[in-house]
Structures are given as C-alpha cells and as structure tokens.
Amino acid sequence: MKAHVDHLVTMANDIAHFFAVESDRAKAADSVARHLKQFWDPRMRRRILAHLTAGGAGLEPLAAAGVRRLAELDHVTVA
Amino acid sequence: MLSIVEIDFGTPPLRTVEQVSLQIDGVSVRVPAGTSVLRAAALAGIRIPKLCATDMLEAFGSCRLCLVEITGKKGYPASCTTPVEDGMRVATQSRKLADLRRGVMELYISDHPLDCLTCPANGHCELQDMAGVVGLREVRYGYDGANHVYPEMKIEEPGQEWPVRDSGDPGRSHGRPANPLFAARDESNPYFTFDPSKCIVCSRCVRACEEVQGTFALTIQGRGFESKVAASQDQSFLDSECVSCGACVQACPTATLSEKSLIAHGQAEHSITTTCAYCGVGCSFRAEMQGEQIVRMVPNKDGHANHGHSCVKGRFAIGYATHPERITKPMLRAKISDPWRIVSWDEAITHVASEFRRLQATYGRDSIGGITSSRCTNEETYLVQKLVRAAFGNNNTDTCARVCHSPTGYGLKSTLGESAGTQDFDSIESTDVMLVIGANPTDAHPVFASAMKRRLRAGARLIVVDPRRIDLVRSAHVQADYHLKLRPGTNVAVLNTLAHVIVSEGLVDEAFVAARCESDAFEQWRAFVADPRHSPEAMQAETGVPAELVRGAARLYASGGNAAIYYGLGVTEHSQGSTAVMAIANLAMATGNIGREGVGVNPLRGQNNVQGSCDMGSFPHEFPGYRHVGDDAVRTQFERAWGVPLLAEPGLRIPNMFEAALDGEFKGLYIEGEDIVQSDPNTRHVTAALSAMECVVVQDLFLCETAKYAHVFLPGSSFLEKDGTFTNAERRISPVRKVMQPPGGHADWEITQLIANAMGYPMHYRHPSEIMDEIAALTPTFAGVSFARIDRLGSIQWPCNEQHPEGTPVMHVDTFVRGKGRFLRTEYVPTSERVNGKHPLLLTTGRILSQYNVGAQTRRTANSIWHAEDVLEIHPHDAEERGIADGDWVGVESRAGDTVLHARVSERMQPGVVYTTFHFPESGANVITTENSDWATNCPEYKVTAVQVTRVTQPSEWQQRHETFSRRQRALVDDDAYIQPG
Ligand code: SF4
Ligand code: SF4
Ligand code: SF4
Ligand code: FES
C-alpha cells in the first residue's frame, strides 16, 4: 500500500457527495459502487478495497458504504 | 480578395420557401422570393457587372455598376438592391447600360493607380475585371486634380513642368507639395496591408466588419470625394479595435486590403478544402496553394460551420508548420539528461516496440498506456485507442478531453442519453434567448461568437453567467440583459437557484416534461430544487449574485421564447463540473427547451476535435460510440473485428496514470500531440510522474514541454500534412486534407500503425478512409459515414445512419436518445479549494483570441504581437491593497506552487478574483493549479485555485529552474533534427 491512497479516498468521498442527495442509503451506496466499478481501473478499486479492510481511514460513511458495496460487485471479501 | 474558386452571386442566399419566376435576358429563372435580380441572374449564369455587392454582405447599392433595365419600370434600377418579382423581365445589356457602366468605371479608374501589372490582386482584382467587362478604353479625367493615388500634387505652373509620376511610391519626393488626400500604406497588422491609394470606397470592408464579424472597427470618414476608410479613431489597424479576422480583406474587391502572404507569393493556382485545426467551431477553409506553398487560407463560403467566416487563428496563424523549431527527425536517448540521438524511423520504432514489450514483461501488462490530443484527427485517435486496447492489451488510453470536456460527456449522457451537444450552430438563428455560462465565445470560439452577435443585433436576448465581464456582456451593438457575476466555483449553486425560480414560479413546461421525461425523477428533482435553501435569496451570500438578477434571468430563460444554453470550460473544469452539466440539462428539459431548432444544450468545445476524440473511444472505460468496455455484446463485436481478446475493465485516466507512475506501477507512455506538462494541473506532480517512467514517447511537431521529459521523439505531422476528419462542437464531421507532404516523412496514423506492427499486432491501412470505414462498421452512430459521403455532402453531423443518411443537425427531437429524459438532483457541494488567510484570492484561468491553448502553434506565429505573455488580471481594489500597479511583477502563490506574472489592473474582474491565461510555458499557470478534480471524471478544477498575490521583483524559483532546464534541453537537440529551410 503506497502513498496515493489518500487521493483515492478524496475521490471516493467526492463521488459520495454527489450521490448523498439520495435518502435511501442502500441505493446511494449502490450508486457510488457502480460509479467506482464503471470508471476506476481494477488497481484503484483493489487499493480502495484494501484500504477499507485496513480500517478505511478518511472514508466518509457513504463512501465507505459504497466501497463495501463495490466489494460485492467485484466479488471481493472485505473485513 | 474572394476565393479563387468560388462564384460570387452578389447578394446572400435567402431561406425563403416561396419561389418566383422571371426572365433575365430571355432566360427563365426560378428563385426564392426576395432574391435580388443580381443573384437571380448569377444563378442563371448571367454575370451583371458589380463592385459594391458581394454575396458575403447585404446589398448596399452604392456603385451603380449593376444597373439593369426592367420592362415596365422607369430608369435603371440597381440589380443588387432590386428584389425579383414574379413575371419580371430584365435586360442586363443594352447600349445605354453599357454607357452608364463605362461612365461609372471611368470615374473609379481616374482615381486609381494604373500599376496593375505589379499589383498583388492582378488576375483577381474585381476593379480590373469590371474595367474589362464594361470595355473601358479611355479615362478622360486624368490624374492632375484631386486624387488619392499620389503622395504629391502634380501642379502645372508656368515655366515649370513636372513629369507625371507613374507610381504612388510614398518614399520618393520630387519636392512638390504633399497631396492632402494621400494616405500611406498601413503595414501594422502582421498579416495584411491596407493601401488606401487603391481604395474605391465601396465600403465592403466596413460592412464585412459589421455584418460578418460584428466588431465595427471600420468606418467611412468624410463625404464625397474626401471619403476614406478608417480603422477605429483613424488609428493603424494594429492599434484599432480590429481583431484581425480578415473578413474585410476577403471582402475587398481591390488590392487595398491584401494578405501579406499573397503579396509575397503571388496568386494561387489551386485550392484544397480542409478544416481549421484550432478551436471547436471547426471552420472550413480553402487552402489556396502554389504547389506545396500555401498562399492564403480563405474560409469556405459553403462551410457549414462558418459560412465563409474565420478568425485570426484559422486564417492567418498557420506559419508554425514550417517554423524553424519544427523537428523532423526521430530521436532517442536513454536518460533525459542525455543528448538526443537522431535515428532512422526503423530504429526508433523498433526501440519503442521493444521497450514497451520489455516494460510489460517486467512490470505487467498494465504498466504502459497511450494518450492522444484533440488536435489529432478522428482516424488517429481511433487508431491510438485501438493500439492500446488491442496491441498493449489494456485499456490505459485517454485524451486531453479529460482535462476539458469529460464532464460534458458524463453529464449529458446521464440526463439526455448522448455525450454531445444537441444543436447545429445555425440553430442560433431561431434562438430568442441565449444563456451563456462559463464560456467566452469572442475569444475562444470567435466565428460562432460572430453568429451570436448577429442574432443579438437582430433582437435576441442574452444572459451571461461568468465571474468576469467577458466581451459579450457589452460590445458594439450588444448588451447582455443579465450578467450574473458569480463567485468562481458556485456554478451549481447558481444553476440550482435558476431552477428554483422556474419551479417555484410555475415556469415549468409541464406538457413537455410529462410527455418526454421520467416522471419519478422529475418529481424528485422538483421537490429538491423547490427547497427554500435553493432560493436565490438563500444562496446570494454564497454565489455573490443578487437574487433579483437570478429571478429575472430565470424568467427570461423560461419564458422568453426559444432559449438555448451555450457553455464552456467555465462549467466543466470544476470539482462539480459534471454536476453543473446535469444542472444545465435539467434546466433545458424543465422548460421544454430541447429537441427543436433554436434551443438546446450546447457545449462549446475548446479544441477542434474534442468531440471527435471522445467519440472515437479515447476514454479508458468506453469503446468508440460511448459504449462501456464491460458491455459484453459490444466487446465481442470489437474482439471479432480486431482479432484479439479485449479487457472488460476500465483502464487508467490521465491523472490516474500519473498516480500509478509515482507508485512505480506505470512505466511507459505513448503521447500523440499532447503537451501534458504544460496543460495538466500541478506541473510538479506531472513532471515527477514522467520522471518516474522508463519510456516516454512523444510524437509532436516541436520539443514541447513534455518532450523535455521524453526518451523517444517521433516527428508528427500538422493538419496540413495528412488526410482525416475532425468533429466539431456540433457533432459535425469535416474533412482534413493533405496539402503538403509531412516533413518528417509520416502522417501520425502511419506512425501508430508502425508501432502496432512492430509490437506484433498487424495494422495495414493504406489510407485514413479505410480507418473511417472500420469506425463506421463498428459504431452505430457513424454507420453511414465515409470519406466519399463527407466529400459529397461537405460535412456530416452524426448520428449518421440508415434513418439519418445525411446526418442529424438537431438531436432528441421526438424522444431522447436514452428514451425519456432523466432529471438528476444536483446538490451544490462547495469546492474544498476555499480562500483563507494565507490564500485570500481566487484564481481562475481562460483563453485569449490570438493564442490557442498551450500556444505551441500560435506562439510560433505573428499572433504573439497581440499577446506576447500571460498576465494576471486583478481588480483595482485588490491591486491597491497590495501596492500593485499595472505592469508590476506579481508573485502568485497557491498551495501547489508559485509563479510570477505581470499584473494588469482591470475592472473586468470582481474584487477577490484574479485571472490569467495559460498560453506560455514560462508563465507556469499550472504550477499553481491543484490536483482537485471533477468528482465523476477527474477533469481538473482549473477554474478555482486559492492564491495570494504579492508584488515581487524577479521570476519565481520554478520559473528560473524551468528556464535553465529548458535551455539545457534545447541544447541537447542536434541542429540537423530541425526542419531544413527551403
Ligand atoms: S478597402 Fe477595399 S473594401 Fe474597403 S472600401 Fe476600399 S476598396 Fe472597398
Ligand atoms: S480584420 Fe476583421 S475585425 Fe479587423 S477590420 Fe477587418 S473585418 Fe474588422
Ligand atoms: S480557430 Fe475556431 S473560429 Fe477560428 S478559424 Fe479556426 S475553427 Fe474557426
Ligand atoms: S453592385 Fe449594385 S450598386 Fe454596386
């Protein structure tokens, strides 16, 4: 795990800010996850997933929920 | 001088449907009602003599050369100002008409030099032609009296005889009294001269500046024989308001206004139609040639985007192609501190292929990638993404649209269903209200700005949303109804307040929304924007826009008739760029302003081929035609066509490539025509990333900033040296045609093909038309496109397919591309880039008319006379507070870095906001911009950076290092690598 995960965390939070307007949290998290799946290359996704496993420091709640949902879409197990 | 190949019909065409029939010289003619007799005759192949009329301008009726006889009408009406009537019988020739015309010509010629043989217009001078046509054989008046031709008077006094001079050379004096009517040649403009001695005061130039360009820089001063053409307040052209568009030069029937290139080279002998390689207007040009020498560029009257108009860049700024700094030999080096070694194409290509394969073997398949520029043709960008996907075997392909309009793609696709503007440019002729947001058309899209101004002069209303007072807010005969001078970074907030007014004041087009849009999404959106927190009053403190202005603008937009939104990078280059695009689409849908002429959502694209490079699958997550790589059906189709398995996962975007490089996972990059070091934000971050790579391949015309960090240089070709197509902001695919050989030996698509073959992936295109055929076969929206069809139609707006074989000017007519339009809720999220005690000002960036983007082309032309450096515009209040005077050196510091520029104290800015352009590398504008980016697409937030500005005495440390580094890098290039003169 290298330095640039911070930047990925910021990006994930930014994405979550857009979808936060959806009051149904599960839907919002799913939208975040689908955005990540659609636009992030697998390396970036692996890194943010690993970061979540490692505690997910800096990820805001909806972003974290989105990454957790991404784990399901990517068939990855996160802690 | 008009084009050498176009026919001048005398007056402009009309759009009227009703036709009338008449007889001209016994020939039956049928033309649209309202057409002039002059044009009707020309359409029938009958040429009536004329001087003051040309079909680029409305008729004026001043020269009286186009007189005709009309049965049943008295006198000799001017055919240019006389409209046809049903059953009219016109005679264009008679003895009386011949006498009258000869008389007119005699007067003109008596005040005109007779140096035809040495005149630059010789062969294409309309005055000369008319003298011939009317059979002028003698001039009875002589040159003894008042004239504009000679610098000195010819005065006969008893006992003293001076020889009559035969040329108006102002440099020689014969000791006679000066001629008060004579004016010397004005050579101040770098591209054209004004020689008043040849002027016939037809006022075509004045009218071109008004009607075509809309600048109103020229006037006719004085009356009668004293009258003359003057620029602004009788200034030189360079000092006047003239923006050097060249419309007057084109309109001038004599050599009075002539291109300097025409004077230098003489008349062209052939003409090739091609497309401007600068901005997203995509003007069509006729390159008028002598062999491989361009004599001049003349905007194409039949060009669908520009209708015969151009700006200073496209018409004049083409000299870069043969600039002495052009590199024409392939070069290699192991480290960037090594001198470049000139090598053969074979060696260069073999090296690139083996390095890329080595990197993939060592660091993994995904450790390399490719980037194209929006200056490349469609065929070239298509080929590079194919190289990446098929030969590299990954999806690490991106284009510079990433840093400009990627949010447009995302925002419009999510709402309307297609990643493109909805209209053609001509649609503006039916527009009643223009909403211009985050765009500065008079500088960045000048020819379209002229069309906008024409429509505004005809009565359309204008709303401008921009932190700066752009020229459109107030210019000759144009005045915005509303200027919402918002704080940078608050676009979404302002758009939400506009929506709030529309929803809360009952201005929604309910019928349109009910019929055309998803109702659940709309209701959610309606409730969202109706929330009082989105009211203009509530947001006023945040946006800086007075609530009543927002209310007025919203009412005008929603109820002023056909309303069209035009937007630019001031919308997209923000952390909420994509959200703002969606908010724009929401407004258009809510008011029913979409799906017909005169309305719509129109992104004004920065570079000529931004639309095209996106269409061509340059983004890492989608194939040509905006289809996700994860779509199995689409991917299978491409796998079959390309003969290799393809990845279903998105690749790295440009900023992600940099991050991966700094992480040691991304090692090789093929860059075609893009100068990422200068154009991408946070320069230090970019150069650190490039320095972490092992094989950076730059294919370019010059040793650009990025090439200074490269290991391989491949000499690319300019738009003049290859065939292909560009797609402009209105989805118009236009031809780019080779007018000269590439001095490096290969067109860019050929170089990509060589790399693919050397890497073991076969490509065997013989011509770019074959690449387009492949694109058409694989992309439904391009299905009907081919070079042959483009040549036949002139240009094609995609979608072009079985239903729309000739293309689609207006999209989403009966249904949206995605079926029902989708409203999206656009919460305003303030950017994290906020002013604070340390960085109390907001910096925003933009462009200027004469320069183009990183300036690689325009800086290498005489355009720099208008803009020789980037300056920092600052409001007088902020300047005074810091003790800054106009012209001072000022340091601009952000959290990313600092640079030094000259200050320009200007009221265009609002207090608290400073502005600069980014055309010169040494300005280091992107040293200060940060890594913040659009949440959806990573498009950088160029438009908002918190900075402090202070008076300083010397360039910044970065600038000093950059200067030393650049000097050293230039010294590493062998002189033989540069283009050879001749
Ligand atoms: S400069 Fe040319 S176009 Fe203008 S008035 Fe003189 S002759 Fe006519
Ligand atoms: S070059 Fe263009 S702006 Fe300048 S005077 Fe001529 S028409 Fe007007
Ligand atoms: S730069 Fe733009 S407006 Fe100017 S000639 Fe080229 S395409 Fe037209
Ligand atoms: S051309 Fe008709 S009056 Fe000049």
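Every heavy atom of this structure was used, including side-chain atoms; hydrogens, water molecules and symmetry mates were not. Lettering of chains follows the sequences in order, A, B, ..., and the numbering in each one begins at 1.
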Given A/K37, A/M44, A/Q38, the one with more heavy-atom pairs under 4.5 angstrom with chain B than any other is A/Q38

Okay, B/Y410 and chain A: the region with an atom under 4.5 Å from a heavy atom over there is side chain

Interatomic distance, CG@B/N932 vs CE@A/M11, rounded to 0.5 Å, equals 12.0 Å

Between the CZ atom in A/F18 and the OG atom in B/S575, the distance rounded to the nearest 0.5 Å is 13.0 Å

Bottom line for B/M582: the part with an atom under 4.5 Å from chain A's heavy atoms is side chain

Output for pair (A/D74 CG, B/E649 CD), nearest 0.5 Å, gives 6.5 Å

Scored by heavy-atom pairs under 4.5 Å with chain A, the best of B/H621, B/E659, B/E827 is B/E659

Q. Does A/V21 reach the side chain of B/F528, with side-chain heavy atoms less than 4.5 Å apart?
A. yes

### Task
Quick one: sort the B/W935 and A/F19 rings into parallel, tilted or perpendicular, breaks at 30° and 60°.
perpendicular

Next item on the list: Step through the shown structure and confirm whether more than 12 heavy atoms of other residues, nucleotides or ligands are within 6.0 Å of CG on B/D520.
Entry: no

If one checks every heavy atom of A/H35 against chain B at 4.5 Å, the contacting part turns out to be side chain

### Task
Please confirm whether the backbone N or O of A/D41 pairs with a side-chain atom of B/R653, one donor and one acceptor, at under 3.5 Å?
no

Between B/P650 and A/P42 the two heavy atoms that sit nearest each other are O-CD, 3.3 Å

If you tally heavy-atom pairs under 4.5 Å between each of B/L647, B/L652, B/N396, B/V629 and chain A, the highest tally belongs to B/L652

Rounding to 0.5 Å, atoms CG (A/D14) and CG (B/N938) come to a distance of 9.0 Å

If one checks every heavy atom of B/N394 against chain A at 4.5 Å, the contacting part turns out to be neither

Between the CZ atom in B/F666 and the CZ atom in A/R43, the distance rounded to the nearest 0.5 Å is 7.5 Å

Here the gap from B/N656 atom CG to A/W40 atom CH2, rounded to the nearest 0.5 Å, amounts to 8.5 Å

When the 4.5 angstrom heavy-atom criterion is applied to B/E931 and chain A, the contacting part is both

Hey, are B/D663 and A/R47 close enough for a salt bridge, meaning a charged N less than 4.0 Å from a carboxylate O? yes

(request) Please tell me if the side chains of B/Q576 and A/H17 come closer than 4.5 Å, counting only heavy atoms from C-beta onward. (result) no

